[in-house]
Peer 1: 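Let me give you the structure first, and then I'll get to my questions.
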Amino acid sequence: MFNKLFIRLKPVLLSLISKIEQLEQKFRIEQRVKITTKHKFSLPDEVLGLLLLIILTIEVIMKSFTLGQTSRFEILIRILGLFCIIYICVKIILKYFVKKFIEMSQLNYEQYRRNLVIVLTISLLQIVFVIFLKINNLNFYLLPLTGFVILVSLLLNIWWAVVFIIVNALLCVYIYADLNTEMFYHTIFYILSSMYVLTQVEKIFSRHNMIHTIVKSTLINYLLAVSLQLIRYNEVRSLLNLHISLAFYAKNAHSSLINIAMIFTINGLTNWLLVTLLLSLFESVYQCTTNLKLMELANFNHPLLKRLMTEAPGTYHHSLLVASLAETVATKIGLNQLLCKVAGYYHDVGKIVQPEYFIENQISMQNPHTEINPSLSALVIINHVKEGVKLARKYKLGKSIVDIIEQHHGNSVIYGLYEKTLELFDKDIIRYLGPKPQTKEAAIIMICDSCEAACRAIQEPSPQKIKETVERVINTKFLDGQFDEVPLTLRDIYVISNIIIQMLISFYHLRTQQNSSR
């Protein structure tokens, strides 16, 4: 009797648990929104900013004493002037433009704060390196500019790297140089050298590419240094001197082509060591997913992809198609195509846990959903998102991939179950837990995933049927509010729809025609 009672109460208990989880998820989202609105546009991590200010203040005091007899009043006036400049630059000008940048790009507060902390941390490391060079009277060209710029560009993006270059070109040169002429030439070298690195960063997809970029940047830096020496001193004979100075690394050492070449040989090795040692550390600490990390995840020998291929082969095949669709769409609308491709591979890894409950894996077997309660079916289907997030974290796929796995269904309705349980359950009972897509990449994976699954289920697919199905799926997602929190324009949706329709027609319809002709 107890067993019968438990069987009857089981669907009610499961639906109650699902409702509680939905309320918990809603509460978390509300709390996140409150935190975001509370701290909006305030510059974070005052500790790093204070450290930077202290370093610059000490530098002003040291520079004042090196210039000769300087009174305390003059030092105080210089420090006050420095404080005024920093206040105007950071609190008024920089804060205003950062605010406009956030409004334009729809960047959320947490991501903005993380990016700013990364920039400040790397800036402090570079300033410490510059102070080390100055204290030990070492040549400015030993500063590993290329390594620092590569770190910022890979961990964040080119625009953050431009901000990093402009700010640090002024700070680092001011700290290192004593004369105005030194400041001028070192600033030119810093900016030109760093900007060249930015033109090469987009080509870095492997450790080999990174070494190639460092070598090319080192050669360009060598040419820049030689050219600046010619302009500054106008002495060709000293450059052509074959004498090798034993103190070639010193600040005021005799400059020749050989001595400068030795400096940049050391500089290239320092750049390589810097990126090799710090990139993985920053990736793990700040949860950044760089192109190098994505290329490693795109390898089909990755343990999690191997598990997906062997334990859920239907889902694996579906994931390959979604990845192909997402990569093509991202290329057309100017997004990170590598991120979309890799996220397509891993978006459904949670189905490994119970693969037989998903139709693409049900080969020559009865659908188990016909034998269980609809509310339990909903929990099993919804659970694949949770399991996917757990597996992604276990295998350290990175925050970007974890977020897309969590968001690729949003809080949309499981329509297959909704049609069957229309009279028994409320629509909200059989919704995914969310959150909705927060980035364009997550929205693309959602669209590609839903469209491919819907077109796979078409009996005798034709171009017209595929077109109608794709448009219906996208319209349903749009009207359900799944794109409310992502800056997708109607033009983007139109372009995405056309690309997916063309690709799915070429795959399903043409394949069906080839099979029928055989």
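Predicted, not measured: the structure shown is a model, and the values here were computed from it.
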Peer 1: I would like to know whether Val119 and Val163 meet side chain to side chain contact (heavy atoms under 4.5 Å, CB included); could you show each step before the answer?
Peer 2: CA-CA 9 Å; Val119 169; Val163 173; 5.5 Å; no
Peer 1: Not counting sequence neighbours, which residues clear side-chain contact (heavy atoms from CB on, under 4.5 Å) with Thr276? List them please.
Peer 2: Met210, Trp272
Peer 1: Give me the ring orientation class for Phe507 and His317: parallel if the planes are under 30° apart, tilted from 30 to 60°, perpendicular past 60°.
Peer 2: tilted
Peer 1: If we count only N and O atoms by modelled type, under 3.5 Å, do the side chains of Lys436 and Gln407 hold a donor and an acceptor together?
Peer 2: no
Peer 1: Does Tyr395, at its OH atom, have more than 12 non-hydrogen atoms belonging to other residues, nucleotides or ligands within less than 6.0 Å?
Peer 2: yes
Peer 1: Please evaluate residues Lys386 and Asn383 with respect to the criterion side chain to side chain contact (heavy atoms under 4.5 Å, CB included), reporting the C-alpha separation (whole Å), side-chain torsions for both, the decisive distance (0.1 Å), and the verdict.
Peer 2: CA-CA 5 Å; Lys386 290 182 183 179; Asn383 195 53; 3.8 Å; yes
Peer 1: I'd like to know if the side chain of Asn411 and the backbone of Leu433 have a donor-acceptor N/O pair within less than 3.5 Å.
Peer 2: no
Peer 1: Are the side chain of Asp403 and the backbone of Ser400 linked by a donor-acceptor contact shorter than 3.5 Å?
Peer 2: no
Peer 1: Could you pull out the closest heavy-atom pair between Arg431 and Ile382, with the gap in Å?
Peer 2: O-CD1, 3.1 Å
Peer 1: Check Val473 against Ala454 and note the closest heavy-atom contact, atom names and distance.
Peer 2: CG2-CB, 3.8 Å
Peer 1: To the nearest 0.5 Å, what is the distance between CG (Leu155) and CG (Leu278)?
Peer 2: 9.5 Å
Peer 1: Distance check, rounded to the nearest 0.5 Å: Met309 atom CE versus Tyr345 atom OH?
Peer 2: 12.5 Å
Peer 1: Testing the basics here: between Gln482 and Gly410, what is the closest heavy-atom pair and its distance to 0.1 Å?
Peer 2: OE1-CA, 3.4 Å
Peer 1: Pairs of donor and acceptor atoms involving the side chains of residues 291-298, under 3.5 Å and at least two apart or interchain, shall be tabulated with distances.
Peer 2:
unit_1	atom_1	unit_2	atom_2	d
Lys293	NZ	Lys396	O	3.0
Glu296	OE2	Arg207	NH2	3.4

Peer 1: Less than 4.5 Å apart, any side-chain heavy atom of Leu145 and any of Asn271?
Peer 2: no
Peer 1: Is Ser506 reaching over with its side chain to a backbone N or O of Met503, donor-acceptor style, under 3.5 angstrom?
Peer 2: yes
Peer 1: Report the distance from atom NZ of Lys399 to atom CD of Gln287, rounding to the nearest 0.5 Å.
Peer 2: 8.0 Å
Peer 1: Whether the Ser217 and Gln200 side chains hold a donor-acceptor pair (N or O, under 3.5 Å, no angle test) is what I'd like checked.
Peer 2: no
Peer 1: First locate atom CD1 of Ile158, then atom CZ of Phe164, and finally report the distance between them rounded to the nearest 0.5 Å.
Peer 2: 14.5 Å
Peer 1: Within the side chain of Asp348, is there an N or O that forms a donor-acceptor pair under 3.5 Å with the backbone of Lys351?
Peer 2: no
Peer 1: Can you spot which of Leu321, Thr469, Leu325 makes a side-chain contact (heavy atoms from CB on, under 4.5 Å) with Leu504?
Peer 2: Leu325
Peer 1: Do the non-hydrogen side-chain atoms of Glu311 and Val349 ever get within less than 4.5 Å of each other?
Peer 2: no
Peer 1: Taking the basic N atoms (NZ, or NE/NH1/NH2) and the acidic carboxylate oxygens, is any pair closer than 4.0 Å for Asp480 and Lys477?
Peer 2: no
Peer 1: Under the side chain to side chain donor-acceptor pair (under 3.5 Å) rule, what do Tyr316 and Thr310 come out as? Steps first, then yes or no, please.
Peer 2: CA-CA 9 Å; Tyr316 176 75; Thr310 55; over 6 Å; no
Peer 1: Between His384 and His409, does the ring centroid distance fall short of 6.0 Å?
Peer 2: yes
Peer 1: Pick one: which of Ile118, Leu124, Val117 meets side-chain contact (heavy atoms from CB on, under 4.5 Å) with Thr121?
Peer 2: Val117
Peer 1: Can you confirm whether Leu198 sits close enough to Ile165 that some side-chain heavy atom of one is under 4.5 Å from a side-chain heavy atom of the other?
Peer 2: yes
Peer 1: Judged by atom type as modelled, is there a donor-acceptor pair below 3.5 Å linking the side chain of Asn157 to the main-chain atoms of Trp160?
Peer 2: yes
Peer 1: Measuring from Thr328:OG1 to Ile444:CD1, what's the distance to the nearest 0.5 Å?
Peer 2: 10.5 Å
Peer 1: Kindly say whether Thr199 contributes a backbone atom to a donor-acceptor pair with the side chain of Glu202 at under 3.5 angstrom?
Peer 2: no
Peer 1: Between Pro313 and Asn361, which heavy-atom pair has the shortest distance, and what is it?
Peer 2: N-OD1, 3.8 Å
Peer 1: Counting only heavy atoms not in Lys465, do more than 12 fall under 6.0 Å of its NZ?
Peer 2: yes
Peer 1: Decide yes or no on side chain to side chain contact (heavy atoms under 4.5 Å, CB included) for Ile474 and Ile447, but give the supporting numbers first.
Peer 2: CA-CA 7 Å; Ile474 294 176; Ile447 293 170; 3.8 Å; yes
Peer 1: Restricting to non-hydrogen atoms, name the atom on Ile445 and the atom on Cys340 that form the minimum distance, rounded to 0.1 Å.
Peer 2: CD1-O, 3.4 Å
Peer 1: With heavy-atom distances below 4.5 Å as the criterion, would you say the side chains of Thr213 and Val201 are in contact?
Peer 2: no
Peer 1: Between CG of Asn115 and CG of Leu156, what distance do you get to the nearest 0.5 Å?
Peer 2: 4.5 Å
Peer 1: Could you walk me through whether Leu154 and Phe282 pass the side chain to side chain contact (heavy atoms under 4.5 Å, CB included) test, one step at a time?
Peer 2: CA-CA 10 Å; Leu154 289 180; Phe282 275 95; over 6 Å; no
Peer 1: How about Leu490: does its CG atom have over 12 heavy atoms from other parts shown lying under 6.0 Å from it?
Peer 2: no
Peer 1: Whether the side chain of Ser497 engages the backbone of Ile493 through a donor-acceptor N/O pair (distance < 3.5 Å, no angle test) should be reported.
Peer 2: no
Peer 1: Would you say the ring centers of His318 and Phe358 fall short of 6.0 Å from each other?
Peer 2: no
Peer 1: With respect to Ile496, which candidate in Ile500, Asn498, Ile499 satisfies the side-chain contact (heavy atoms from CB on, under 4.5 Å) definition?
Peer 2: Ile500
Peer 1: For residues Val413 and Thr476, determine if any side-chain heavy atom of one lies less than 4.5 Å from a side-chain heavy atom of the other.
Peer 2: no
Peer 1: Looking just at side-chain N and O atoms, do Ser123 and Asn168 make a donor-acceptor pair shorter than 3.5 Å?
Peer 2: yes
Peer 1: Can you see whether Glu360 engages Thr315 through a side-chain donor-acceptor pair at a distance of less than 3.5 angstrom?
Peer 2: yes
Peer 1: Quick one, Phe205 and Thr290 - any side-chain contact, counting heavy atoms below 4.5 Å?
Peer 2: no
Peer 1: If you count every heavy atom of other residues, nucleotides or ligands that lies below 6.0 Å from Leu170 atom CG, does the total exceed 12?
Peer 2: yes
Peer 1: Within a strict 4.5 Å, meaning less than it, do heavy atoms of the Ile166 and Val162 side chains meet?
Peer 2: yes
Peer 1: Would you find a donor on one side and an acceptor on the other, under 3.5 Å apart, between the side chain of Asn209 and the backbone of Ile204?
Peer 2: no
Peer 1: Between Glu485 and Gln438, does any side-chain donor sit less than 3.5 Å from a side-chain acceptor?
Peer 2: yes
Peer 1: What I want to check is whether the side chains of Thr489 and Asp492 have a donor and an acceptor closer together than 3.5 Å.
Peer 2: yes
Peer 1: I'd like to know if the side chain of Gln126 and the backbone of Phe148 have a donor-acceptor N/O pair within less than 3.5 Å.
Peer 2: no
Peer 1: Minimum heavy-atom separation for Leu274 to Gly147, with atom names?
Peer 2: CD2-C, 3.7 Å
Peer 1: Within the side chain of Ser284, is there an N or O that forms a donor-acceptor pair under 3.5 Å with the backbone of Leu281?
Peer 2: yes
Peer 1: Do Arg472 and Glu468 meet the salt-bridge criterion of a basic N to acidic O distance under 4.0 Å?
Peer 2: no
Peer 1: Do Glu387 and Ile352 have side-chain heavy atoms sitting under 4.5 Å apart?
Peer 2: no
